[in-house]
Every structure is written in structure tokens, then in C-alpha cells.
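We count ligands from 1, going down the list as the structure has it; atoms in each ligand are counted the same way.
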Amino acid sequence: MSAAEHFLVITQIAELRRVIAAARKDGHRIGCVPTMGALHAGHISLFARTRQLADVVVATIFVNPSQFAANEDLSRYPRPLEADLNACREAGVEIVFLPSVESLYPPAFDTWVKVEGLSATLEGEIRPDHFRGVATIVLKLFNIVQPDSACFGQKDFQQQALIRRMVRDLDVPVQIVTCPTIREADGLALSSRNAYLNPAERRAATVLSRGLRLAEVQLRGGNPDVAAVRENVRLLLAAESLVHPDYVAVVDPDSLAPLEQPQSRMAVLLAARVGSTRLIDNCLIDRHSSEPSTLVPGP
Ligand code: PAF
């Protein structure tokens with residue numbers, strides 16, 4: 001199966017299983033990129049990374065209702081299907097899996113996956129059932145696609161940590177690969193939700209990456225007071241009138257446990273409402289690495 005010859009859009013679970021089984025029989029490695037559509041350059045970079053690991057790239061497009069709370073943006077979540085299919089085709093994706101809500105959540109659906117500790121903190125405190133929905137749908141997609149590898153963006157840092165933990169705990173035979181966040185030239189992390197921002201909010205939203213940059217400079221520079229660094233970032237965010245920070249956290253990148261002292265590897269995670277749009281962003285800090293920052297210069 002090669003990108004040029006094949007581009008399949010499959011809506012039925014049974015058909016997808018048949019096509020994947022045939023590809024596997026031919027010795028092909030399967031790579032999967034789960035998405036909710038509204039594809040942007042971040043997703044395209046995940047397809048490109050998956051291509052390096054697999055012979056057949058499967059993109060799933062499914063706006064998963066169970067990860068949205070009643071007060072969230074499920075109904076207005078962007079669904080530009082035609083543009084998404086074109087983007088997949090151009091990126092060399094072989095198979096797009098486009099299931100219906102009814103096929104993934106049949107009547108009397110009653111089984112949920114909960115990654116206890118990692119889903120209780122940070123985003124989980126603000127969006128209580130969000131990660132139960134994410135873990136459940138990702139495990140279902142893994143069971144259907146049975147990929148050898150699956151790529152996720154670092155942008156959703158807690159999500160990728162939780163999926164790694166789920167895969168380890170439940171012995172799911174898939175390699176999880178986390179790919180760098182793709183940013184606009186001014187530092188804003190790409191997100192399907194950026195489409196909700198009006199021009200003033202879009203300008204204000206750059207403060208998220210500037211906040212991360214501030215934390216990076218201070219923590220790398222050896223500031224021993226993590227609480228002060230967090231507060232400095234929160235103040236920078238709050239100085240933008242359109243921005244309302246939900247949290248600024250400095251955590252261990254694997255356990256997501258909050259840090260009071262700097263350590264060699266740290267993740268800075270933040271979430272803020274920009275107007276009525278909730279955005280998240282993060283950066284990884286390795287104090288022993290001389291790699292340049294992937295964030296914009298600043299603060
Ligand atoms: O990151 C996303 O787009 C979603 O949370 C995912 C992983 C596709 C599950 O619905």
C-alpha cells in the first residue's frame with residue numbers, strides 16, 4: 001500500500017479491521033494519529049513523524065463527545081471535513097478512519113478507562129471527566145486500528161503522559177511517540193481552538209508562550225524558588241486584560257507531581273482563558289541540555 005496509490009476513507013469498524021489485517025499480512029507496519037479533525041500544521045507534523053515509523057499511516061478523525069463537559073464547545077467544535085480529508089491526502093496518509101458517534105458509543109455503552117492519578121490533576125481538576133473520555137476513546141481506537149506506533153503532540157502534555165501510563169498499565173502493544181509542539185512565528189502554539197480567537201485575543205494569546213519563556217529563563221538560570229517563578233509567570237499572564245490564567249504549574253514530566261525545588265528535567269504547564277477560549281501550553285526544561293529554546297525569544 002503506497003500513499004500515491006491508496007487513499008481510503010473508512011467509516012465502518014469492520015471494514016477498517018479488514019483493510020488493516022490485509023496490510024499487516026503484507027508485512028506493513030501500521031502507524032496511527034488520533035485526531036478530532038480541524039487539522040493544522042501540528043497534525044501534519046504528526047503524520048510526517050508517523051510516516052518515519054510506519055508503512056501505513058492511519059489518521060482517525062472523531063470529535064469525541066465523552067471528553068467534552070456539558071458547558072464546553074462540543075457543538076461548535078470546528079468540523080471542516082473536506083479540508084481535513086484534503087490535508088490527509090496531501091500529507092500522504094493512506095487511511096482516514098471516520099467513525100460515527102453511534103458506532104463508537106452504541107446504546108448502553110458502559111465501560112470507561114480511568115487513569116487515576118494523572119487524570120485528577122491540572123486539566124483534570126478543571127475538566128473532571130475529560131481524561132476519562134480521552135483514555136476511553138484512545139484505547140478503543142488502539143483496539144480497532146491495532147497500530148504499532150501512535151503519535152501525539154507535546155502541546156497536550158498531560159494527555160500524552162496519561163496515554164503513556166494507560167498503555168503501560170494495560171499492556172497495550174503500541175509505541176507512543178510524543179512530537180514537538182508546532183508554533184506560529186510569534187510563539188502561539190497551534191491549536192484547533194485558536195480559530196475561536198478574535199484579532200485582539202489572538203494578539204493577547206502570545207503571552208502564553210512568553211510566560212513559558214520567562215519560566216524557562218528563570219528555571220534554567222538557576223532560580224531556586226519554583227513558587228516565585230510560577231507567580232512571575234502568572235503575573236505576566238494576568239497583565240493581559242483579555243487573559244485569565246487557570247494555572248501555572250512546574251511539574252515532574254513523567255509523574256506530573258508538582259515541584260517545589262528545581263530538578264534537572266521539569267515541565268512547565270499552563271492554562272488560561274483568552275476571552276472565552278481556553279488555551280493550554282507547556283514547555284520541557286532540561287537544565288543539562290544545551291539545546292536552544294523552541295519557544296519565541298522574550299519574555
Ligand atoms: O488530542 C486530541 O485531538 C484528542 O484528545 C484525541 C487524542 C484525538 C482523543 O479524542
For Q67, the ligand 1 atoms with a heavy-atom partner under 4.0 Å come out as 4 (C), 5 (O), 9 (C), 10 (O)
| Main-chain N/O of Q159 paired to D156 side chain as donor or acceptor, under 3.5 Å | no
Do E201 and Y196 pair up side chain to side chain, a donor and an acceptor below 3.5 Å, judged on atom types alone? no
- Using the ring of each side chain (for Trp, its six-membered ring), is H43 parallel, tilted or perpendicular to H40, with breaks at 30° and 60°? tilted
So the atoms of ligand 1 within less than 4.0 Å of a heavy atom of T35 turn out to be 8 (C)
Per-atom filter on ligand 1: closer than 4.0 angstrom to a heavy atom of Q159 are 1 (O), 2 (C), 4 (C), 5 (O), 7 (C)
Margin query: Regarding D148 and Q175, do their side chains bring together a donor and an acceptor under 3.5 Å, going by distance alone?
Written below: no
Atoms of ligand 1 under 4.0 Å from any heavy atom of I137, numbered from 1 in the order shown, are 9 (C), 10 (O)
May I ask you to check whether R164 and T178 show a side-chain donor-acceptor distance below 3.5 Å? yes
Here the atoms of ligand 1 under 4.0 Å from any heavy atom belonging to P34 are 8 (C)
